[in-house]
Amino acid sequence: GGGVGMRLAVQTFDAAAGTELQVHQGAEVPIELVTEPGAFLGRIREYELAREIFIDTETAEWWTPAPRVALLQVFDGRRVTVFDTLATGMTDVLFNQFVPRVMANGQVRKWAHNASYERRFLGGPRVQSLECTLRLARGIAFHRLPVETLSLASLASALCGVTLDKRLQNADWSVRPLSGNHLKYAAGDTLWCARVRGALDAIEQPPRPDEGDPPLIDAAFPEAKLSE
C-alpha cells in the first residue's frame, strides 16, 4: 500500500553479480510514489541489504533560510521510488529510520551527484559511504573530459548524448498533488546519476601511456590547462 506506479522511458539499470550497478540499454524503468510510512519502512528494509543505491532530494522553500525535504528519490537498480516526505508521518520515518538505517550505514554505498547537498539534508556528519559523481568528474583531467561545467545535465549531454529537461529544477516542491511531469523529473536525476557514474568509470584511470603524453595533450587541447 501507499504506492502509485508509473514508468519512465529512459535506460534500464540492473544489478550485476558484482558490487556495482551496471547500465544497460533497454526497457522503461518503473517509478513508484510512496506516501505511507508503512511502505517507506518496507523499502528501508530492502535498502539496508543493498550494495549500492542512488539518491536525490527535492526541497520545498529552498529559497528560504529553512528549506524542507519535500521528496526523497532512491534508485535501487530495478526501480525508482519517490517518497513524499511531506505526507503524514513520512518525515518521522525519513529522519528516524532512513537516515540512521541507510544513510549512516557504511555497508550501503550511496551515490548522489552533489553529495554535499544531500548530506546536508540527510544526516550531516552521521552519513557514511556517500559517493559523489561531481567529485568523481572533478578528478578527471579536462583533456579527458572536456566539458565547461560539471552539472548532471552537462555530463549527461557530454557522456550520454542526451539533453535533460531542467525546467522544473526550481519548482515549488511543496505543491500537492504532484503531476506526472514532476514525478518523472524527480525520478530522472537518480537514473542519470547512475548512467553518468558508469560513463565516468569507463574513462580509464590512469590513462594509457600514449594518452598521458604531455606534448600530445598540449597539441590536442592547447587551452586545457587554462580551462581546468
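Of the N and O atoms on the side chains of E58 and Q73, at least one donor lies less than 3.5 Å from an acceptor on the other residue. Using modelled atom types and a 3.5 Å distance limit, the side chains of S116 and N114 yield a donor-acceptor pair. Between T81 and E32, the side chains place no donor N or O within less than 3.5 Å of an acceptor N or O (distance only, hydrogens not considered). In the model, S174 has a side-chain atom that pairs as donor or acceptor with a side-chain atom of D172 under 3.5 Å. One side chain, T59 or Y117, offers a donor N or O that lies under 3.5 Å from an acceptor on the other.
Put simply, CG on L49 and CG on D76 are 11.5 Å apart, with the number rounded to the nearest 0.5 Å. Rounded to the nearest 0.5 Å, atoms SG (C132) and CG (L130) are 7.5 Å apart. The CZ atom of F95 sits 11.0 Å away from the CE atom of M103 when rounded to the nearest 0.5 Å. Considering CD of E46 and CD1 of I53, their distance stands at 11.0 Å, rounded to 0.5 Å. Put simply, CG on L145 and OG on S154 are 8.0 Å apart, with the number rounded to the nearest 0.5 Å. Note that CG of D56 is 5.0 Å distant from CG of D189, once rounded to the nearest 0.5 Å.
At least one side-chain heavy atom of W192 sits less than 4.5 Å from a side-chain heavy atom of V162. Here the side chains of V74 and V80 are not in contact, with every heavy-atom distance at 4.5 Å or above. T57 places none of its side-chain heavy atoms less than 4.5 Å from the side chain of L71. At least one side-chain heavy atom of D201 sits under 4.5 Å from a side-chain heavy atom of L136. You'll find the side chain of I55 stays beyond 4.5 Å of the side chain of T190, heavy atoms only.
For the residue pair V108 and A50, the shortest heavy atom distance occurs at CG2-O, 3.6 Å. Contact detail for L164 and L152: the closest heavy-atom pair is CD1-O, 4.2 Å.
Ion pairing of R43 with E48 is absent here, as no side-chain N (NZ or NE/NH1/NH2) approaches a carboxylate O to less than 4.0 Å. Ionic pairing of R197 and E52 is present here: one or more N-O contacts between side-chain nitrogen and carboxylate oxygen are shorter than 4.0 angstrom.
Sequence neighbours left out, the pairs with a member in residues 126-136 that pass side chain to side chain donor-acceptor pair (under 3.5 Å) are H113-T133. Pairs engaging residues 152-183 under the ring-ring contact (aromatic ring centres under 6.0 Å, His included) rule: W173-H182, W173-Y185 [sequence neighbours left out].
Ring-plane geometry between F40 and F98 is classed as tilted, the angle between the planes lying from 30 to 60 degrees on a 0 to 90 degree scale.
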Tell me which donor-acceptor pairs under 3.5 Å the side chains of residues 87-94 have, and how far apart each pair is, sequence neighbours excluded?
| residue | atom | partner | partner atom | Å |
| --- | --- | --- | --- | --- |
| T91 | OG1 | T85 | O | 2.6 |

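Exactly one of L72, L183, T35 qualifies for a side chain to side chain contact (heavy atoms under 4.5 Å, CB included) with V82. That residue is L183.
With K110 contributing its side chain and V127 its backbone, the two residues share no donor-acceptor pair below 3.5 Å.
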